[in-house]
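Report on the following structure.
Just the heavy atoms: all of them, side chains too, but no hydrogens, waters or symmetry mates, feed the values below. Worth saying up front: this structure is predicted, and the values here are computed from it rather than measured. Proteins come first, then strands; the chains are lettered A, B, ... in the order of their sequence lines, and each starts at number 1.
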There are 2 protein chains.
Amino acid sequence: MSLPSTQLSASLEDYLEAIYILSRSGKAARSKDIAEHLQVARSSVTGALRLLADKRMVHYKPYGYITLTDHGRQLAGRIVGRHNVLDAFFCEVLGIEPDTAQEAACLAEHAIGSQIAGRLRLYLEFLDARKQAGCDVSSAFRDYCRRAEDG
Amino acid sequence: MSLPSTQLSASLEDYLEAIYILSRSGKAARSKDIAEHLQVARSSVTGALRLLADKRMVHYKPYGYITLTDHGRQLAGRIVGRHNVLDAFFCEVLGIEPDTAQEAACLAEHAIGSQIAGRLRLYLEFLDARKQAGCDVSSAFRDYCRRAEDG
DNA sequence: TAAGATAATTAGCTGTCCCTAACTTTGCAA
DNA sequence: TTGCAAAGTTAGGGACAGCTAATTATCTTA
């Protein structure tokens, strides 16, 4: 049984995200660029694009340009948002190294829904507000980590 | 190409986790129990058990008892630990409803590594220590949420 | 202990997601 | 303008992960 047309698998979310990012940072995303970005074979991209087109997420004609539909752009934006808030939380709050944080964010972005993403965003905002008010929780946590981990 | 024998797919991690949980809360896990716990067909369990046996995670003979190897138990414990720390963070810190938190933890447990899990555990510990010291960050965040979300 | 119920496995299928190799299309440059 | 290189697609195949239906094994109980 296939997914409801509005729901994407983690893999298709990755393709959508890649197209979104490539479109932002330059011109139209080509199949080859997507393949490089995701480190998959070009033929895998063709298959994914067909599925995304079925789900009305991209405008796709063989050998043509690839662009996002309004719907696709909206969803891609949400996915990138989830990615970014996770990455920020891992780095800024937990003090995880950028590469590890990035990698985990890539995977976890498919696991959390809008509710958790929203709350996490709010949490970062909240910590920031406290910091402005002179209470830097995150840096206190760094100290706590040093004491706990290094000894 | 198959996964290195020490690495499990998210799906196989779920099976391993189920066996671990069932083994704890009662007697030996039967195939049927695993199927019910994960809401899959019994035949799917048979297939998964074969793969887990290949990877030396479970002791498995057709029609026999299913038990975890030392290695499998160790890994399962880590997975359950990741699940629990995520669930606790979502519930206690972000104030997410238990069902939503549980569901997200189920998915995200396959996304974060031991480093992030460890830090998250430490973070919860840290917040608790602060709370003992009279600074309840989480409850302050609840207030912040109410103001931000309800208005 | 033999039959029926329950549990487990096998066989065969579907769909996803990736790969390589071969082929087609497109675009650029001599 | 033709011919080659780059880009894209198609064909075919493998691993994974699930399903149903049919079969086999085990257990229980009359």
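The stretch residues 106-113 of chain B does not touch DNA chain C, since none of its heavy atoms comes less than 4.0 Å from the strand.
The aromatic rings of B:Phe141 and A:Tyr123 sit perpendicular to each other, their planes meeting at more than 60°, with 30° as the lower class boundary.
Counting to the nearest Å, the P atom of D:dC19 and the CG atom of B:Leu38 are 10 Å from each other. Following rounding to the nearest Å, A:Gln7 (CD) and C:dG15 (C1') show an atom-to-atom distance of 17 Å. Rounded to whole Å, atom P of D:dC16 lies 15 Å from atom CD of B:Glu13. Rounding to whole angstrom units, OH of residue A:Tyr15 and P of C:dT16 are separated by 13 Å. Atom CG of B:Leu16 is separated from atom P of D:dA17 by 13 Å (rounded to the nearest Å). Atom CG in A:Leu51 sits roughly 6 Å away from atom P in C:dT16 (whole-Å rounding).
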Look for any protein N or O under 3.5 Å of an N or O in nucleotides 27-29 of chain D and output each such pair with its distance, or none.
none

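Looking at A:Val58 and A:Leu16, their side chains come closer than 4.5 Å, going by heavy atoms from C-beta outward. Looking at B:Cys145 and A:Leu122, their side chains come closer than 4.5 Å, going by heavy atoms from C-beta outward.
Within 4.0 Å (heavy atoms only), A:Glu36 reaches no atom of the nucleic acid at all.
Taking every side-chain heavy atom of B:Leu12 into account, D:dA17 is the closest of D:dT20, C:dC18, D:dA17. Side-chain atoms of A:Ser44 lie closest to C:dC18 of the nucleotides D:dC19, C:dC17, C:dC18.
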- Message: Within the 4.0 Å limit for protein heavy atoms, which parts of nucleotides 5-12 of chain C are touched? Write it as a string from 5' to 3', B for base, S for sugar-phosphate only, - for none.
- Response: --SBBB--
- Message: What verdict does the side chain to side chain contact (heavy atoms under 4.5 Å, CB included) test give for B:Leu127 and A:Tyr144, after you've listed the backbone C-alpha separation in whole Å, the side-chain angles of each residue and the deciding distance to 0.1 Å?
- Response: CA-CA 10 Å; B:Leu127 291 182; A:Tyr144 186 87; over 6 Å; no
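Side-chain N or O atoms of B:Ser138 include none that pairs as donor or acceptor with a backbone N or O of B:Val93 at under 3.5 Å. The closest donor-acceptor contact from the side chain of B:Ser44 to the backbone of B:Val40 lies at 3.5 Å or more, if one exists at all. Checked by atom type and distance alone, the side chain of B:Thr100 never pairs as donor or acceptor with a backbone atom of B:Ile96 at under 3.5 Å.
Applying the 4.0 Å criterion to OP1 and OP2 of C:dC18, one finds that A:Ser11 has a side-chain N or O inside that range.
With sequence neighbours left out, the ring pair (Phe, Tyr, Trp, His ring centres under 6.0 Å) criterion links A:Tyr20 to no other residue.
For residues 83-96 of chain B, the pairs satisfying side chain to side chain donor-acceptor pair (under 3.5 Å) are B:His83-B:Gln102, B:His83-B:Glu109, with sequence neighbours left out. Applying the side chain to side chain donor-acceptor pair (under 3.5 Å) test to pairs two or more places apart or on separate chains, those with a residue in residues 110-122 of chain B are A:Glu149-B:Arg119, B:Glu13-B:His110, B:Asp14-B:His110.
With salt bridges taken as basic N to acidic carboxylate O contacts below 4.0 Å, none links A:Asp128 and A:Lys131.
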